[in-house]
Engineer: 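For reference, the structure I am asking about is given below.
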Amino acid sequence: MIFLDAAATTPVRREVLEAMWPYLTGEFGNPSSHHNLGEAAANALSGARAAVAKALGCRPGEITFTSGGTEADNLAVKGIALARRAADPALNRVVISAIEHPAVEESALYLQRVHGFEVDVVPVDRNGVVTVEALRAALSPETALVSIMYANNEIGTVQPVRQLAEVAAEHGVPFHTDAVQAAGWLPIGVKELGVDALSISGHKLGAPKGSGVLYAKGRLRLEPLVHGGGQERGRRSGTENVAGAVALATAMTLAHAGQSGLAGRVTELRDAFIRAVLEAVPGAVLTGHPSQRLPSVASFCFPGTSGESVLLELERLGVVCSSGSACAAGSDAPSPVLLALGIEPEVAHTAVRFSFDSTVTSAELDQAAEAVAAAVGSVQGLGRR
Ligand code: PLP
């Protein structure tokens, strides 16, 4: 099997499993307990926090461990917006892009539905890019928060985060970015990016599902969403997932260490794969930005097919990929991300995403490109019969 669905999830890396194992077994203490076992767990947790902070270039106190990317996004969007409005009731608008992951979009819509916020949606261009001008036009004196993702999970487009964050800063508005897909592939230093908050998920990086991180700058106030014993400096109550935090920190450290050369190598493989697919499949369309995209994502529409049928055929041929985001799987509606690019709904239905991990090889992608041509050909043939 050739697994080309790494944007959905990745297996746990052996080094990560080895690093977390002790905290699932012998060193199973609760970090809040005042005995040796508890202290060992607390030390492991603070070591993990320091390692994540090092990878992000921030202070350990700015890191909150969460149950994943979704919770980190929820805490950022709701937590920052609610805290800011509590300090100034005029701040009752949030700005998001038209192609956010549901974790951000639904958090914003929740603020609208339950807390009376207004949500301003910034459009993207046909490549999925949010321009500085479009963001500027969406900002107002009432904006409490801007949340724009670093890299899109369906089309791989990378946003000019630094420039966008600068625009928000000019208006004194905190800027959050969902870096779940970017981590491991793109520079993630929060100072260089100029962001105030940033979300990461462990399972996209070789740590287990259910581990995540929110970076929130300095004194940025966050209204907690989970109340209880006051863990994570009151930002996220609940006995900490020590093994998950150690796993995430190990995965981030490994990703950071292995990054040099990786993005360049995989970008070349990606571009060769894109060329091969566009040549072999008449009518195939690349979605997302042609170059300003994640090294690891190649996404297409194959007009005249259905994405789901192509997927099934590809799986039969030994290639596993996805018809968009895993989160939208099971839904018949065309992807809102593709619609936001101006793609017609009947074409959006034909989307297929290939996403790679760091071990991807050129031989695998050559084989996959041949399989794509065969799969699309056979689905189109079936359609014509
Ligand atoms: N944000 C983006 C861009 C994602 O791709 C995902 C997962 O697919 C998430 C957030 C959610 O992360 P998690 O699965 O850890 O909840």
Side-chain angles (χ1 to χ4, degrees), residues 3-12 16 52 64-79 96-110 124 128-130 147-159 161 164 176-186 188 193 195 197-215 225-226 236 238 241 244-245 247-249 251-252 255 287-289 293-299 321-331 335-338 340 351 353-357:
F3 181 75
L4 300 183
D5 201 14
T9 197
T10 59
V12 175
V16 169
V52 171
T64 303
F65 286 111
T66 68
S67 67
T70 298
E71 189 190 331
D73 284 343
N74 272 259
L75 182 55
V77 174
K78 299 177 191 169
I96 62 171
S97 84
I99 58 167
E100 292 304 309
H101 187 274
V104 164
E105 187 193 10
E106 290 296 328
S107 294
L109 293 176
Y110 162 85
V124 292
V129 177
V130 177
S147 180
I148 295 177
M149 71 201 319
Y150 193 168
N152 183 268
N153 45 305
E154 289 182 47
I155 53 170
T157 296
V158 175
Q159 302 299 340
V161 168
L164 296 173
H176 164 253
T177 195
D178 173 338
V180 166
Q181 293 292 343
W185 293 106
L186 304 175
I188 206 87
L193 288 172
V195 298
L198 174 144
S199 308
I200 286 181
S201 167
H203 73 104
K204 314 284 183 181
L205 289 170
K209 294 158 190 63
S211 57
V213 152
L214 177 67
Y215 155 77
L225 307 182
V226 182
R236 200 269 184 182
N241 176 2
L248 177 51
M252 278 185 75
T287 56
H289 197 283
R293 61 189 299 134
L294 282 173
S296 51
V297 172
S299 52
C321 55
S322 108
S323 63
S325 72
C327 316
S331 134
S335 149
V337 170
L338 298 179
R353 175 191 72 185
F354 303 89
S355 52
F356 324 132
D357 72 8

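In each ligand, atom 1 is the first atom listed, and ligand 1 is the first ligand listed.
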Engineer: Heavy-atom contact check, 4.0 Å cutoff: does Glu71 meet ligand 1?
Structural biologist: no
Engineer: Main chain of Ala108, side chain of Lys78: is a donor-acceptor contact present, judged purely on distance under 3.5 Å?
Structural biologist: no
Engineer: As an exercise, identify every atom of ligand 1 less than 4.0 angstrom from a heavy atom of Gly68.
Structural biologist: 15 (O)
Engineer: Under 4.0 Å from any heavy atom of His203, which atoms of ligand 1 are there?
Structural biologist: 13 (P), 14 (O), 15 (O)
Engineer: If the test is side chain to side chain contact (heavy atoms under 4.5 Å, CB included), which one of Ile99, Val77, Ile96 qualifies with Glu105?
Structural biologist: Ile96
Engineer: Quick one: which ligand 1 atoms are inside 4.0 Å of a heavy atom on Met149?
Structural biologist: 3 (C)
Engineer: Ser299 side chain to Thr287 main-chain N or O, any donor-acceptor pair under 3.5 Å?
Structural biologist: yes
Engineer: Work out which heavy atom in Ser201 is nearest to a heavy atom in Gly69; give both atom names and the distance.
Structural biologist: CB-N, 3.6 Å
Engineer: Under a 3.5 Å distance rule, please check whether Glu100 uses its side chain to pair with a backbone N or O of Met149 as donor and acceptor.
Structural biologist: yes
Engineer: Could an N or O of ligand 1 be found under 3.5 Å from any N or O of Ser201, whether backbone or side chain?
Structural biologist: yes
Engineer: Ignoring hydrogens and angles, state whether a donor on the side chain of Ser199 or Asp178 is under 3.5 Å from an acceptor on the partner side chain.
Structural biologist: no
Engineer: Within the 4.0 Å heavy-atom shell around Thr70, which atoms of ligand 1 are there?
Structural biologist: 11 (C), 12 (O), 13 (P), 16 (O)
Engineer: Below 4.0 angstrom from a heavy atom of Asp73, which ligand 1 atoms are there? Numbered from 1 as shown, please.
Structural biologist: 1 (N), 10 (C)
Engineer: Considering distance alone, does some N or O of Ala8 sit under 3.5 Å from an N or O of ligand 1?
Structural biologist: no
